[in-house]
2 protein chains.
Amino acid sequence: MSNTPITLKLLAEKLKMSVSTVSKALNNYPTINEHTKKHVQDMARELHYMPNKSAINLKEKKSRVIGVILPNLLDHFFTRSIYGIEQFATQNGYHIIIRQTNDELEEEIQSADMLLKSRVDGLIVAISKNTQDFSHFNQFESLGIPIVYYTRNPSFNLNCHKVLGNTFKGCYEATDLLIKRGHRKIAYLGGPKMISFTHDRFNGYINALKDNNIPFDANLVAYTDFDKENTIAAIQKLFADGNQAPTALVAFKELILFDAIKYLRSIDHPQVKQIECIGFGNNSFISYLDLPPIASLEENPESVGENAISLLLKLIDKEISIKNYQKVMVDCKLVVH
Amino acid sequence: MSNTPITLKLLAEKLKMSVSTVSKALNNYPTINEHTKKHVQDMARELHYMPNKSAINLKEKKSRVIGVILPNLLDHFFTRSIYGIEQFATQNGYHIIIRQTNDELEEEIQSADMLLKSRVDGLIVAISKNTQDFSHFNQFESLGIPIVYYTRNPSFNLNCHKVLGNTFKGCYEATDLLIKRGHRKIAYLGGPKMISFTHDRFNGYINALKDNNIPFDANLVAYTDFDKENTIAAIQKLFADGNQAPTALVAFKELILFDAIKYLRSIDHPQVKQIECIGFGNNSFISYLDLPPIASLEENPESVGENAISLLLKLIDKEISIKNYQKVMVDCKLVVH
DNA sequence: TTGTATGCGTTATCAC
DNA sequence: GTGATAACGCATACAA
């Protein structure tokens with residue numbers, strides 16, 4: 001029933017002080033007497049005073065809203081990353097607006113436009129699989145609104161802030177494990193070439209082969225994206241030559257492996273039960289699969305998200321200069337099932 | 001570079017009008033001349049004028065923030081429902097704060113507290129599996145902050161606004177389909193008894209049996225929650241008597257079926273490949289399973305979420321009186337795989 | 001039909 | 001150390 005929220009003015013009246021003194025006391029101004037400070041703060045706690053965010057934002061000319069652009073919330077990686085972002089944002093008095101692009105550049109552009117109009121204080125972006133042109137993000141930079149790119153990194157080294165998984169290391173360890181288990185024909189199933197899915201992971205794969213003196217075979221490499229047809233085409237390519245067919249697979253995403261195995265079973269591939277797989281994801285559904293990957297690369301999406309927003313808030317607060325481009329790497333973990 | 005956002009004042013200066021006229025023109029006040037209106041609106045569009053949300057919220061004494069309390073974002077149902085909520089909220093100028101309770105009452109209470117302090121304009125809640133006492137939500141009601149309960153409904157008929165899936169109908173159709181496929185011993189695997197998981201679904205099951213003249217057998221009913229151990233215990237109970245073991249399963253959640261099948265395989269149950277299952281969920285991972293459910297009950301979570309926030313906004317805007325308790329049902333759809 | 005003045009809750013710049 | 005006052009951007013009661 002006491003439905004008038006308590007304001008500074010009310011607090012001041014109760015305390016028989018001026019609004020400005022109360023404000024300063026609550027904000028720990030050095031010029032305020034310690035005794036008054038305590039008095040004010042006690043009363044504020046007692047009356048459950050909560051500052052009005054809208055008033056502060058108006059005063060500070062901030063929206064306290066962060067925009068997050070990502071391809072898809074049905075991908076567990078992004079859902080989990082949102083969890084990390086949301087937690088950290090809330091703790092720091094920010095809200096987030098999530099926009100899904102369905103991995104389409106066109107929708108990414110629209111999302112950027114919408115978020116610009118929403119006056120976001122900063123942007124966290126996982127680019128779409130075909131984002132090559134970044135001009136739709138220029139307007140943010142020119143307004144001094146910082147952007148942190150996360151998970152997905154433009155292949156060409158754009159000058160930007162980024163938070164990425166250490167997929168090189170992850171892919172190296174996965175490949176190494178498969179080699180240690182006796183595999184020699186290990187295929188690599190890479191993702192969309194435009195983004196970081198490719199380079200770091202591929203290099204990890206290559207380096208593990210090299211360090212174990214296994215010659216690289218270009219026939220054991222294929223690329224796909226998130227479309228099942230492309231994955232099947234890639235698998236067909238890898239298994240085209242029955243004699244040279246791989247005995248193990250490393251994939252840029254675990255989901256791809258599920259499709260791969262499903263396809264190999266559908267064509268009754270004789271070796272399907274022997275093939276060992278590892279991919280990025282560590283999906284909890286693995287435990288229900290008949291032929292599960294032998295290990296997973298846990299990407300710690302919550303941590304990636306948290307690092308992204310943590311960096312973004314530092315940029316917003318100008319603790320880090322917007323031109324001082326940062327690159328943060330988050331480790332993957334090889335989980336053997 | 002033009003980093004001073006355009007305000008009403010600037011607009012008024014350019015137009016050589018007063019701020020209030022401009023404001024009224026943009027808000028389509030009837031007292032404003034049509035010609036001036038058009039003039040103002042054209043100029044606003046041209047200069048990309050966007051009203052400052054913080055100022056409006058301050059003026060209107062609203063936070064334009066909706067709190068959403070739910071058990072878990074890793075459950076696809078909730079992720080998808082958030083999608084519906086988020087879309088609708090954004091379109092109407094609201095933001096959402098999501099709090100996960102991990103299905104724990106204690107965390108639910110903390111979340112409610114936190115959201116109250118955030119001055120949310122309304123609340124959307126999916127209660128935890130052991131929420132029986134609702135006193136932590138009383139403070140909202142007494143401040144006139146509306147609450148819509150969704151998906152999970154307190155068993156006892158609390159006077160409240162709710163948006164629920166029509167699980168009765170869904171369960172009826174699922175059971176009916178299994179009967180039509182020749183099953184007579186159909187087990188029902190129910191969820192936590194405190195919430196709506198139980199009653200409506202169970203009644204759907206019972207009614208389908210009755211309408212098909214199949215006697216009800218209490219041995220074919222078991223209850224579990226989201227813990228695997230409890231699910232296994234429930235399955236053990238159902239399959240304790242080899243001769244009377246069910247040949248089909250209806251479950252309150254599809255995920256439960258995955259655990260059930262996994263367990264039955266682990267004990268080499270002779271009939272495991274013949275058992276036909278249906279549950280609520282329609283998870284996309286089904287296509288990777290060796291022994292998938294024969295059908296799924298698609299709950300349309302996006303629609304449930306959208307209905308919840310749509311109702312909530314009407315309550316906030318007082319289009320519906322807060323005491324005029326609403327109940328909205330969203331249909332399920334039986335999807336045969 | 002348009003303009004003037006006031007206030008929403010807070011912080012900051014002065015003056016006392 | 002403390003208090004009056006202006007300002008943030010917008011909406012509206014009231015005056016013209």
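Residue numbering restarts at 1 for every chain, and letters A, B, ... go by the order of the sequence lines.
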Open item on the list: So if I take every side-chain heavy atom of Lys59(B) and compare against dT2(C), dG9(C), dG7(C), which nucleotide ends up nearest?
Closed with: dG7(C)
Open item on the list: Looking at dC8(C), I'd like to know if its phosphate oxygens (OP1 or OP2) sit under 4.0 Å from a side-chain N or O belonging to Thr7(A).
Closed with: no
TODO: Starting at atom NZ of Lys53(A), determine the distance to atom C1' of dC8(D), rounded to an integer number of angstrom.
DONE: 17 Å
- [ ] Would you mind reading off the distance between Glu13(A) atom CD and dG3(D) atom P, rounded to a whole angstrom?
- [x] 14 Å
TODO: Scan Thr31(A) against the nucleic acid and name what it touches under 4.0 Å (heavy atoms): base, sugar-phosphate only, or nothing.
DONE: base
Open item on the list: Checking side-chain polar atoms at under 3.5 Å, does Thr131(A) have a donor or acceptor matched by the opposite partner on Glu108(A)?
Closed with: yes
Open item on the list: Just by distance, no angles: are the side chains of Ser23(B) and Ser20(B) close enough, under 3.5 Å, to form a donor-acceptor pair?
Closed with: no
Open item on the list: Without decimals, in angstroms, what is the distance between Lys62(A) NZ and dA7(D) P?
Closed with: 23 Å
Task: Contact nearer the 5' end of DNA chain C, comparing Lys9(A) with Ser20(A) - done: Lys9(A)
Open item on the list: Over all strands shown, is Asn27(B) touching base, sugar-phosphate only, or nothing at heavy-atom distances under 4.0 angstrom?
Closed with: sugar-phosphate
TODO: Could you check Val19(A) against Pro30(A) and say which one's nearest nucleotide on DNA chain D is further toward the 5' end?
DONE: Pro30(A)
Task: Sugar-phosphate only, base, or nothing, as touched by Ser54(B) at under 4.0 Å among non-hydrogen atoms - done: nothing
TODO: Assess whether one donor atom and one acceptor atom, taken from the side chain of Lys24(A) and the base of dG3(D), lie less than 3.5 Å apart.
DONE: yes
TODO: Report yes if at least one side-chain N or O of Tyr29(B) is closer than 4.0 Å to OP1 or OP2 of dT1(C); otherwise report no.
DONE: no
Open item on the list: Using whole Å, what does the distance between atom P of nucleotide dA11(D) and atom CG of Asn28(B) come to?
Closed with: 13 Å
TODO: Report the nucleotide, chosen from dG9(C), dG9(D), dT12(D), that has the shortest atom-to-atom distance to any side-chain atom of Ser23(B).
DONE: dT12(D)
TODO: For Asn57(A) and dT11(C), give me the distance from atom CG to atom C1', rounded to whole Å.
DONE: 13 Å
TODO: By nearest nucleotide on DNA chain D, pick out whichever of Glu34(A) and Pro51(B) is the more 5' one.
DONE: Glu34(A)
Task: Separation of dT2(D) C1' from Leu15(A) CG (nearest whole Å) - done: 14 Å
TODO: Just compare dG3(D), dT11(C), dG1(D) and give me whichever is closest to any side-chain atom of Thr21(A).
DONE: dG3(D)
Open item on the list: Categorize Leu8(A) for me: base, sugar-phosphate, or nothing, with a 4.0 angstrom heavy-atom threshold over every strand shown.
Closed with: base
Task: Residue pair Lys62(B) / Asn57(B), side-chain donor-acceptor N/O under 3.5 Å - done: no
Open item on the list: Taking only side-chain N and O atoms of Ser18(B), does any of them lie within less than 4.0 angstrom of OP1 or OP2 on dG3(C)?
Closed with: yes
TODO: Would you classify Leu58(A) as touching base, sugar-phosphate or nothing, given that sugar-phosphate means primed atoms plus P, OP1 and OP2, and contacts are heavy atoms under 4.0 Å?
DONE: base
Open item on the list: So that I know where these two stand, are Phe134(A) and Phe140(A) an aromatic pair - ring centroids less than 6.0 Å apart?
Closed with: no
Open item on the list: Check whether Arg64(B) reaches the backbone of Val120(B) with its side chain - one donor and one acceptor, N or O, closer than 3.5 Å.
Closed with: no
- [ ] Please state how far atom CD1 in Ile56(B) lies from atom C1' in dG7(C), giving the value in whole angstrom units.
- [x] 16 Å
Task: Nucleotide dG3(D), atom C1' - distance to CG of Asn33(A) in whole Å - done: 15 Å
TODO: Check the side chains of Asp103(B) and Ser128(B) for a donor-acceptor pair under 3.5 angstrom, ignoring hydrogens and angles.
DONE: no
Open item on the list: With a 4.0 Å cutoff (strictly under), does any side-chain N or O of Tyr49(B) reach OP1 or OP2 of dG9(D)?
Closed with: no
Task: Proximity to the side chain of Met17(A) - top-ranked nucleotide from dG3(D), dC8(C), dT2(C) - done: dG3(D)
